[in-house]
Amino acid sequence: MKITLKPLGNIADEIMEKLKDRIGDIFHCPTEITAGFSDLAQAYTPERKQYFSSKLLASLKKSGRDEKVVGIADVDLYVPRLNFVFGEADIGSGAAIVSLCRLRQEYYGLAPDEALFLERITKEIVHELGHTFGLGHCPNNKCVMHFSNSLADTDLKEAHFCNKCRPKIIL
Ligand SMILES: [Zn+2]
Ligand SMILES: [Zn+2]
């Protein structure tokens, strides 16, 4: 199994590299960065001033069966009937997408915190990847598979799988 991270639009190389290292460490499998696509306009919904997550997710291409792909976008994502989503996973295709937009302290009028930002992105990526491995939401609020209703939930949980979830990840 291999995990591929794809920047969708403009994402700093430095962030991509740090995420690659963290995700590789958590899943213990080869992790690489490959070119994504930069035309996000196809998924833009002017009435909401947001991007339709599922549409971007459907555009993510995989190179093989033994690959999980995560698109990383710095735009606000939504799905119908929800105000926004931190990310979305397509279990059938093994692809996922996460948004950086609401993970920054600045989004809430707070001072930047790079370490916290990276920690949050890592958790969101690991969570969506967990879904691509067939995991559902976990009742343990420290487990990365716990559902995040808000960033407070994200900050409370860890970037790792709990003892019940971990064995279900088959690489
Ligand atoms: Zn989830
Ligand atoms: Zn768990």
Side-chain angles (χ1 to χ4, degrees), residues 1-9 11 15-16 18-20 22-29 31 36 40 43 45 48 50-62 66-105 107-108 116-171:
M1 183 60 72
K2 170 175 92 168
I3 294 170
T4 304
L5 304 179
K6 288 177 178 285
L8 306 182
I11 310 291
I15 290 182
M16 292 301 301
K18 286 182 178 161
L19 291 174
K20 185 185 88 163
R22 287 173 176 226
I23 299 303
D25 282 350
I26 290 168
F27 285 90
H28 306 292
C29 77
T31 304
L40 308 185
T45 305
R48 298 184 58 134
Q50 287 175 305
Y51 294 76
F52 185 14
S53 174
S54 314
K55 206 162 184 176
L56 293 174
L57 183 55
S59 304
L60 280 173
K61 301 270 187 298
K62 289 207 314 166
D66 297 334
E67 184 188 22
K68 303 286 188 194
V69 174
V70 186
I72 297 164
D74 201 353
V75 295
D76 200 21
L77 300 176
Y78 79 94
V79 295
R81 287 188 295 279
L82 288 180
N83 290 333
F84 72 93
V85 290
F86 288 121
E88 186 184 358
D90 182 341
I91 296 164
S93 76
I97 183 169
V98 298
S99 163
L100 306 190
C101 192
R102 293 175 190 251
L103 303 181
R104 282 190 189 84
Q105 289 292 72
Y107 185 86
Y108 308 93
L116 181 60
F117 179 52
L118 273 168
E119 192 63 23
R120 287 169 174 171
I121 312 170
T122 305
K123 290 173 186 176
E124 293 305 329
I125 293 175
V126 174
H127 181 95
E128 296 307 338
L129 277 169
H131 284 317
T132 70
F133 282 99
L135 287 184
H137 288 145
C138 178
N140 180 343
N141 65 5
K142 288 285 182 187
C143 175
V144 75
M145 291 315 294
H146 192 69
F147 177 69
S148 290
N149 234 329
S150 70
L151 266 191
D153 298 323
T154 306
D155 289 341
L156 184 65
K157 68 189 181 185
E158 290 163 4
H160 294 266
F161 297 99
C162 73
N163 290 338
K164 288 214 170 78
C165 292
R166 179 94 229 173
K168 296 179 192 160
I169 303 283
I170 312 289
L171 289 172

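As the structure lists them, so they are numbered: ligands from 1, and atoms in each ligand from 1. Worth knowing before you read on, the calculation uses all heavy atoms, side chains too, and leaves out hydrogens, waters and symmetry mates. Remember, it's a predicted structure, so these values are computed and weren't measured experimentally.
Residue His131 approaches the Zn ion (ligand 1) most closely through its N/O/S atom NE2.
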Could you go step by step and tell me if His127 and His146 meet the side-chain hydrogen bond (donor to acceptor under 3.5 Å, both in side chains) rule?
CA-CA 8 Å; His127 181 95; His146 192 69; over 6 Å; no
Audit row: Phe84, Tyr51, ring-ring contact (aromatic ring centres under 6.0 Å, His included) steps and yes/no
CA-CA 9 Å; Phe84 72 93; Tyr51 294 76; over 10 Å; no
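The Zn ion (ligand 1) is the vertex of the angle joining NE2 of His137 and NE2 of His127, which measures 110° to the nearest 10°. Angle SG(Cys138) to the Zn ion (ligand 2) to SG(Cys162): 110° [nearest 10 degrees].
For Ser53 and Tyr78, the side-chain atoms include no donor-acceptor pair closer than 3.5 Å.
For a distance bound of 2.8 Å, the N, O or S atoms of His146 include none lying that close to the Zn ion (ligand 2).
Here the side chains of Thr122 and Ile26 are in contact, with some heavy-atom distance below 4.5 Å.
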